[in-house]
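Worksheet for the structure shown next.
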Amino acid sequence: MRTANPRTVVVWTLVALVGAAGWSVLALARGEDVSAAWMVAAALGSYAIAYRFYAKFIAYKVLRVDRTRATPAERLNNGIDFHPTDRRVLLGHHFAAIAGAGPLVGPVLAAQMGYLPGTVWIIAGVVFAGAVQDMVVLFFSTRRDGRSLGQMAREEIGPFGGAAALVAAFAIMIILLGVLALVVVNALAASPWGTFSIAMTIPIALLMGFYLRVLRPGRVAEVSLIGVALLLLALVAGRWVAESSWAGAFTLAPSTLVIWLIGYGFVASILPVWMLLAPRDYLSTFMKIGTIALLALGVVITLPTLRMDAVTDFASKGNGPVFAGSLFPFAFITIACGALSGFHSLISSGTTPKMIQKETQVRMIGYGSMLMESSVAIMALLAASIIDPGLYFAMNAPSGVIGTTVQNASHVVGGWGYQISPADLAQAAKNVEESTLLSRTGGAPTLAIGISEIFSKVTGGSLRAFWYHFAIMFEALFILTAIDAGTRVGRFMLQDTLGNLYRPFKNVSWKPGLVITSAIVTGLWGYFLWVGVHEPLGGINQLFPIFGICNQLLAAVALAVCTTLLVKSGRLKWAWITGVPLVWDATVTLTASWQKVFSGDPKVGFFKQRSVFQDAIDSGKVLPPAKSMDDMHTVVINSTVDGVLSAILALLVVVVVADAARVCVRHIRRPALSSLSESPYVRSEIVAPAGLIPTREEKEEMRDAVGAGQGG
């Protein structure tokens, strides 16, 4: 048994003390200024301890990862979907794929409840639920030739619960992709800087892919330097383009962006993973992590004060202007990515298990990537909490509530207890070269204001507008990487489902199948996106209100599958690791679903909202956000559709969880009746480290492998 040396004990004791100090200040300080640096300290200390101890315990004690076992990437390598990928590149791909709009937008919106509830959920949620889900799903999918979540449910739970999981997962995936694409369109519309810079990441990624595959295989450090240099050039050139005669060519209308996004999603789904998907995600990770790291450094340097209350009155009253509903359950629905996200389980059972070199890497890629995403969520919450609360509510409350003038907005926000003058509202917009910041809902502009606030204190106030527009472009890049990987995963899910009816679809690299299913997936989310762009209350806008609930319902499906697999694979005593988060997530999400369907508050309940608007139609009245009688009818339709969908998806998840519980009980009583669909053991010939930095033993093993002409 290994014993920690004194130096290690001292280091981890200091880490624990830093984290504990951060938590103590955040929890106990009331009525005094609290530095945002304490939020960073609490997060980083918690992440470090969780990764070092809890994640290692799960990987080696519970899952019993086997470094000698060949992964699907090695056994089924075909250069299209299955391809052994360097752990550093795969870490970048996986992080970029899971880190979409959620960790940027959700925490910003949830800041209306105060900074403390969001901080607790983001950190505790990721440590005990989100990162655990991602790692365990990745492990079990890797053991099953990269099977999708729905297909694993069908094989391990049974046809009934499995069918419910397949339908629920695919439907939710289409909704999530449509919402993510809409955020990208809104961010890039009429933004030549953002459009040019993001477009340039595609040829840069193609160059990196061919460099690693053909020109200099294995030279990850070289291609990283080349890619980062070209990316920085593209970012700088984007501003030059925006100020030049070329600006018109890259100033695209929303409908044009929709067409480009659909085309990109289709092409990215069918090209070999090494060519575009993996290198582009790896490239974007440098910008994502680099920006967040610089933001954390900026917080440490400038020590901004958390100006939002620790817990606001809206948390208990449930009448917040940003979103309606009380702290429980809606704060835990609004903050999904960064704490616990069902979308991640689709990536962990989609592209990543088909590319991972060694089972031992699931800890770094599954658990580690989720911690990285959680750090993004913490920084987003921090950015929303350091700006003037009056400005925060003026930006995030709809125009139907605060009006369209700074005078009216100042008066309404003041009535909520947050004072800000009309002059201050006008000056805030002028500082970032915007005509107005009123009702800039969705979270992204608020995050951009927070980022510009921190960076401008380091570089000077004259660059505040530059940092604001940089942050807007950064957010679009963040989200786009989830669309390309998500479309490919949607294709895998559809192929697995159709493979139950027509066997050739089971081979996810079968070219007719991959083209057909890619076209169907892009066509579905593309249709909702197209309609949403052209009709403010239609298309994907119709489904936007159920985005958070859908995501967390999918997490319940993933955790149910994980718990079932832990029980069936002889790990019953460790089933609490996913079972406890499952109970929590199911309780929160089904409570939220019930309230969204049956609540008597029209701001919360879909059917009550339908009733109110229908009564207004009968009386000839027009209620906001509708602007005409046609809009009123659209709101009635939307409320009906959202209410019915919420009920159906919740019912499907209840079926999955109940069927999973039945299978677990049956296995405990009569283990002989259970069977596992795990792939047979094949010895691995690849030699690769488990973590980002090889240990001394791994370095020696790699040297020996190179000498013998092996390695990966």
Worksheet item: Would you call Arg67-Glu701 a salt bridge at under 4.0 Å N-O?
Response: yes

Worksheet entry | Ion pair check, Lys358 and Glu74, cut-off under 4.0 Å | no

Practice prompt. Determine which pairs satisfy side chain to side chain donor-acceptor pair (under 3.5 Å) with at least one residue from residues 224-234, sequence neighbours left out, and list them in order.
Written response: Ser224-Tyr282

Response to the item:
Residue pairs passing the side chain to side chain donor-acceptor pair (under 3.5 Å) test with at least one member in residues 119-138, sequence neighbours excluded, are Asp134-His344

Item to complete: Any chance you could lay out the side chain to side chain contact (heavy atoms under 4.5 Å, CB included) test for Ile454 and Leu382, step after step, and finish with the verdict?
Response: CA-CA 10 Å; Ile454 293 170; Leu382 184 152; 3.9 Å; yes

Roughly how far, to the nearest 0.5 Å, is [atom2] of [Y] from [atom1] of [X]?
| X | Y | atom1 | atom2 | result |
| --- | --- | --- | --- | --- |
| Phe332 | Leu340 | CZ | CG | 12.0 Å |
| Ile98 | Phe343 | CD1 | CZ | 9.0 Å |
| Leu44 | Ile378 | CG | CD1 | 9.0 Å |

Practice prompt. Please list all pairs passing the salt bridge (charged side-chain N to carboxylate O under 4.0 Å, His left out) test where one or both residues lie in residues 266-287, with sequence neighbours left out.
Written response: Arg280-Asp484

Can you find a heavy atom in the side chain of [X] that is under 4.5 Å from one in the side chain of [Y]?
| X | Y | value |
| --- | --- | --- |
| Arg363 | Val65 | no |
| Thr142 | Leu138 | yes |
| Arg147 | Pro72 | no |
| Ile686 | Pro84 | yes |
| Ile262 | Trp525 | yes |
| Leu149 | Leu554 | yes |
| Ile172 | Asn551 | no |
| Leu230 | Leu207 | yes |

Response to the item:
Residues at least two apart in sequence or cross-chain that pass side chain to side chain donor-acceptor pair (under 3.5 Å) with Ser148, listed by chain then number, are Asp496

Worksheet, complete the sentence: Hits for side chain to side chain donor-acceptor pair (under 3.5 Å) against Ser345, two or more places apart or cross-chain, chain-then-number order -> none

Practice prompt. For Met208 and Leu283, run side chain to side chain contact (heavy atoms under 4.5 Å, CB included): C-alpha distance rounded to whole Å, both residues' side-chain angles, the deciding distance at 0.1 Å, then the answer.
Written response: CA-CA 9 Å; Met208 292 174 67; Leu283 177 67; 3.9 Å; yes

For [X] versus [Y], what's the shortest heavy-atom pair and its separation?
| X | Y | answer |
| --- | --- | --- |
| Ser509 | Ile80 | OG-CB, 4.1 Å |
| Asp81 | Lys354 | O-CB, 3.4 Å |
| Gly79 | Asn77 | N-OD1, 3.3 Å |
| Val137 | Ser348 | CG1-CB, 3.8 Å |
| Arg491 | Ser518 | CG-OG, 3.5 Å |
| Leu109 | Thr334 | CB-CG2, 3.8 Å |

Item to complete: Please check if the distance between the ring centroids of Trp12 and Phe53 is under 6.0 Å.
Response: yes

Item to complete: May I ask you to check whether Phe466 and Phe455 place their ring centers less than 6.0 Å from one another?
Response: no

Discussion item. Name the residue from Val273, Val508, Ile270 that meets the side-chain contact (heavy atoms from CB on, under 4.5 Å) definition with Arg488.
Written reply: Val273

Item to complete: Please lay out, stage by stage, how Ile58 and Trp574 fare under the test side chain to side chain contact (heavy atoms under 4.5 Å, CB included).
Response: CA-CA 9 Å; Ile58 295 174; Trp574 305 121; over 6 Å; no

Under 3.5 Å side-chain donor-acceptor pair for [X] and [Y]:
| X | Y | answer |
| --- | --- | --- |
| Ser369 | His94 | no |
| Ser374 | Tyr47 | yes |
| Thr85 | His93 | no |

Item to complete: Give the C-alpha distance, both sets of side-chain angles, the deciding distance and a yes or no for side chain to side chain contact (heavy atoms under 4.5 Å, CB included) between Thr351 and Phe492.
Response: CA-CA 8 Å; Thr351 52; Phe492 291 152; 3.9 Å; yes

Enumerate, atom names and distances included, each donor-acceptor pair closer than 3.5 Å involving a side-chain atom of residues 442-452, sequence neighbours excluded.
| unit_1 | atom_1 | unit_2 | atom_2 | d |
| --- | --- | --- | --- | --- |
| Thr446 | OG1 | Asn396 | OD1 | 3.3 |
| Thr446 | OG1 | Asn396 | ND2 | 2.9 |
| Ser452 | OG | Ala448 | O | 3.3 |
| Ser452 | OG | Ile449 | O | 2.8 |

